[in-house]
Amino acid sequence: MKEYDFIVIGSGIAGLSFALNAAKHGSVAVITKRKGADSNTAWAQGGVACVTSDEDSFELHVRDTLEAGAGLCDEQTVRAVVTEGPERIRELVELGLQFDEREISGHREPDLGREGGHSKRRVLHVQDVTGSEIEKTLLGELERSPRVDLLENHMAVDLITAGKLGFATEDRCLGVYVLDAQTGEVKTLRTDRLVLATGGCGKVYLYTTNPDIATGDGVAMAWRAGAAIANMEFIQFHPTCLFHPSAKSFLISEAVRGEGGILRNSRGDDFMPRYDSRGSLAPRDIVARAIDAEIKRSGAKCVFLDITHKDPDFVRERFPHIYETCLKFGVDMTRQPIPVVPAAHYQCGGIKTDVNGATTLPGLYAIGEVASTGLHGANRLASNSLLEGLVVAHRAFRTLSRAPRAQQPGGAITLPEWEAGDVQDVDELVVIYHNWDEIRRLMWDYVGIVRTDKRLQRASARLRNLQREIREFYWNFRITVDLLELRNLATVAALIVDSALSRKESRGLHYTLDHPELDDRHYQRDTLLSRL
Ligand code: SIN
């Protein structure tokens, strides 16, 4: 058993920025499933929404965030993230990150991007590769820190809690079992300050803009440990994912529409003004639903994003990554509209936390996409998430470093080692892959952009069966990363369906044909689920 002052699970913007601060105060383990840089953050194209211009204000950013959130944001959290954002951005710049700038009347200013739902240009970016530049900066800094153990290719299996061990004390998080994917060994790591920063769950859907690692591990583990989970019905579908048979999960940033890109249907019509006066740059929930309706009505496979009317040099310079990737798939975006479809993009709910990342389970914190802090409400405003990751990571660190250390029940107890029991290797891997595909397809078909009670009930029944089968696998076979991810995926899928079934109205990202109206009287509140 190894002990750390802090354990962080996940290596995106939230986890790494927390770990960098924590390393100034104690020993830190950062646990990550694949390589350090494999995170949702590294895939973020748009940038970081932050008030830096004289033409903008905190009040406007707060207002835009609350409006997108459709009545479910926590205003205290929104204000904290918006007003503390600039200081956190300054720290990132001090670490060496250079956001794009432009020259205005002889001096340099940030080149601010525009995205849906923002009343001002306020998105700091590094071309269209902001996330990977942030990831590189933070990871470079972390690798220089002698107090951090970066455990790559390690996957958290489950949290260890006083409750699970049967202690007759207050339940709290005591540590975590971690699978070393290379050796198959399960390690026992102990801490009284454990931070989940595992990102979202896009892989629960057949089509997603997320990388393969986004399997909802943090939410599933927190759920099993008894922490409250909030608002999982609010899954954001990004309107524009590249549509091509061999382009897996490639996002076409909303910034393309921010720079004038227009959505057209297969007849070439600019259809968005029929759905919303803000046209192609309306908030994401509206655009994704409009595309879904256009596709269903026409029977076409996709719609098109057209930026061919802009100067090709500008397009190539502003979106080099998107330009090159589209070109690889045979689309020159300076001359041809890009075929696009909506895809699952962001989990707006998650583990319920306060504005400092504290969950309902003492000793357990959650930051970044895995957490439901109240910033996003029923619909996240574009590019608010990287800012949230920075601000809440900082607050979590400040809170944890000031809090008294927990007394382990019964003094310095030893946590029990993982018991593998009399298990064998999985005999038929095909079952894992089949179940994985089935979950993703049924979530796409029954729990997607437009829902009904019947589709949700059908999904719920199928998921219960799948969960039973997966549970048998988990207890009878040697665990692998694939099996653990499948187990987590099934848990998170069931949480999304249960949350969606309990909200009998349409709000933000949750839209159901059976209850198409907003019902503030009954549903202007978080959906909370807890196993205990
Ligand atoms: C994008 O670039 O469109 C994604 C930005 C975000 O999801 O915040």
Side-chain angles (χ1 to χ4, degrees), residues 12-14 39-50 61 64-65 68-69 81-82 85 89 99-100 111-118 121-135 199-202 205 207-211 214 234-243 249-263 278 280-288 291 305 307 315 318-323 325-326 333 338 340-348 350 368-369 373 375-377 379-391 508-509:
I13 188 169
S39 64
N40 269 335
T41 297
W43 284 37
Q45 294 177 357
V48 194
C50 185
H61 192 180
D64 293 345
T65 304
V81 171
V82 165
I89 291 292
F99 289 107
D100 286 3
D111 177 37
L112 298 173
R114 183 148 179 240
E115 290 180 20
H118 288 278
R121 280 189 173 266
R122 64 166 71 98
V123 181
L124 295 161
H125 63 96
V126 185
Q127 293 179 317
D128 56 356
V129 287
T130 313
S132 72
E133 289 300 310
I134 291 175
E135 188 75 25
C201 67
Y205 285 95
Y207 302 112
T208 175
T209 61
N210 292 182
F234 298 115
I235 299 292
Q236 187 169 68
F237 289 80
H238 196 291
T240 59
C241 182
L242 177 62
F243 176 72
S249 316
F250 188 69
L251 175 72
I252 308 294
S253 175
E254 192 155 307
V256 175
R257 278 174 286 137
E259 297 299 346
I262 293 171
L263 284 163
R278 289 162 287 189
S280 292
L281 211 52
R284 284 183 188 172
D285 53 332
I286 296 169
V287 182
I291 296 177
L305 180 56
I307 193 161
V315 171
R318 174 68 178 83
F319 303 112
H321 180 50
I322 297 174
Y323 173 75
T325 307
C326 286
M333 68 188 277
I338 310 167
V340 290
V341 284
H345 182 60
Y346 197 88
Q347 166 194 303
C348 292
E369 187 173 348
T373 61
L375 175 69
H376 308 310
N379 184 21
R380 178 182 67 110
L381 186 66
S383 290
N384 261 359
S385 39
L386 294 177
L387 193 70
E388 180 193 40
L390 287 171
V391 170
L509 299 161

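In this text, all values refer to a predicted model and were calculated from it rather than measured experimentally. In listed order, ligands and their atoms are each counted from 1. Hydrogens, waters and symmetry mates are skipped; everything else that's a heavy atom, side chains included, is used.
Taking any N or O of Ser385, backbone or side chain, none lies under 3.5 Å from an N or O belonging to ligand 1. Ligand 1 has no nitrogen or oxygen under 3.5 angstrom from a nitrogen or oxygen of Gln45. At under 3.5 Å, a nitrogen or oxygen of Glu254, whether backbone or side chain, sits near a nitrogen or oxygen of ligand 1.
Using cut-offs of 30° and 60° for the angle between ring planes, the His61 and His118 rings count as tilted.
Residues Asn384 and Val81 have side chains not in contact (no heavy-atom distance under 4.5 Å, counting atoms from C-beta outward).
Taking every non-hydrogen atom of Ala382 and a distance limit under 4.0 Å, the qualifying atoms of ligand 1 come out as 8 (O). Listed by number with element, the atoms of ligand 1 under 4.0 Å from a non-hydrogen atom of His345 are 4 (C), 6 (C), 7 (O). Numbered from 1 in the order shown, with element, the atoms of ligand 1 that lie under 4.0 Å from a heavy atom of His238 read 1 (C), 3 (O), 4 (C). Ligand-side atoms of ligand 1 in range of Arg380: 6 (C), 7 (O), 8 (O), range being under 4.0 angstrom from any heavy atom.
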*Could you walk me through whether Asn379 and Gln236 pass side chain to side chain contact (heavy atoms under 4.5 Å, CB included), step by step?*
CA-CA 7 Å; Asn379 184 21; Gln236 187 169 68; 2.9 Å; yes
*side chain to side chain donor-acceptor pair (under 3.5 Å) assessment of His345 paired with Thr209*: CA-CA 5 Å; His345 182 60; Thr209 61; 2.6 Å; yes
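Protein heavy atom closest to atom 8 (O) of ligand 1, with residue, atom name and distance, is Ser383 N, 2.6 Å. In terms of protein heavy atoms, atom 2 (O) of ligand 1 is closest to Ser253 OG, 2.6 Å.
Checked against salt bridge (Lys or Arg N to Asp or Glu O under 4.0 Å), Asp128 has no partners two or more places apart in sequence or in another chain.
Annotation: the span from Cys348 atom SG to Leu381 atom CG amounts to 10.5 Å, rounded to 0.5 Å.
The aromatic ring centroids of Tyr207 and His238 lie 6.0 Å or more from each other.
Contact analysis puts Arg284 in contact with ligand 1, with a non-hydrogen atom separation below 4.0 angstrom. Taking 4.0 Å as the cut-off, Gln236 does not count as a neighbour of ligand 1 on heavy-atom distance.
Under the salt bridge (charged side-chain N to carboxylate O under 4.0 Å, His left out) criterion, the residue pairs touching residues 253-262 are Arg121-Glu259, Glu254-Arg257, Glu254-Arg284, Glu259-Arg318, with sequence neighbours excluded.
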